[in-house]
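Encoded as structure tokens, the structure appears first; notes follow it.
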Amino acid sequence: MVAPSVLHLNPDKYDDPLAFNPWRWEGKELHAGSKTFMAFGGGVRLCVGADFAKLQMAIFIHHLISNYRWTVVKGGDIIRKPGLVFPNGLHVKITKKQELY
């Protein structure tokens, strides 16, 4: 995972990287896949924490579906857009699964 702030603060690439110098990229080609400048939100580059957040959600969902069950109490009307939308909400009751021994 590339962290643009780490790259921008690399003393091997920039003299005095901690100094405020908005002209440090002046005269460099920045639109042809620069390896030393990454603008915020530059294309497919994501936040460094994005994969960590996905991992945390995967662990949470695994724990939820492995140890709990839910039943729909009310709502549940679905509108299919690019994602699912519940215009009237979706109320569920979550209960811990009974362990079988």
Side-chain angles (χ1 to χ4, degrees):
M1 198 80 193
V2 175
S5 60
V6 174
L7 182 62
H8 290 175
L9 296 175
N10 186 345
D12 295 334
K13 300 288 181 197
Y14 301 106
D15 296 328
D16 197 12
L18 296 176
F20 177 73
N21 182 4
W23 298 279
R24 70 174 61 176
W25 295 283
E26 188 173 51
K28 296 183 180 181
E29 179 59 46
L30 302 177
H31 303 290
S34 171
K35 292 183 171 53
T36 59
F37 175 74
M38 294 183 192
F40 179 76
V44 297
R45 296 177 199 99
L46 299 173
C47 168
V48 175
D51 285 331
F52 181 68
K54 290 175 190 173
L55 172 67
Q56 292 294 314
M57 288 303 300
I59 292 169
F60 171 76
I61 291 170
H62 171 77
H63 181 74
L64 181 68
I65 63 173
S66 297
N67 299 308
Y68 296 89
R69 67 178 67 238
W70 60 84
T71 54
V72 176
V73 177
K74 70 175 185 176
D77 298 327
I78 299 174
I79 296 176
R80 288 174 175 81
K81 291 186 175 181
L84 295 178
V85 178
F86 298 92
N88 301 320
L90 177 63
H91 299 259
V92 295
K93 178 180 179 184
I94 298 174
T95 55
K96 187 156 180 70
K97 287 183 179 178
Q98 299 296 320
E99 295 182 20
L100 299 174
Y101 286 103

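The first residue in the sequence is number 1, and the count goes up from there.
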Exercise. Side chain to side chain donor-acceptor pair (under 3.5 Å) with D15: which residues, sequence neighbours excluded?
Worked result: none
For this session: Give the cluster check for I61 versus Y68: same hydrophobic cluster or not, with ILVMFWY residues linked at side-chain heavy-atom distances below 4.5 Å.
Result: yes
Could you list the donor-acceptor pairs under 3.5 angstrom formed by side chains in residues 70-93, with sequence neighbours left out?
| residue | atom | partner | partner atom | Å |
| --- | --- | --- | --- | --- |
| D77 | OD2 | N88 | ND2 | 2.8 |

For this session: Determine whether N67 and K97 make a side-chain contact, defined as any pair of heavy atoms from C-beta on separated by less than 4.5 Å.
Result: no
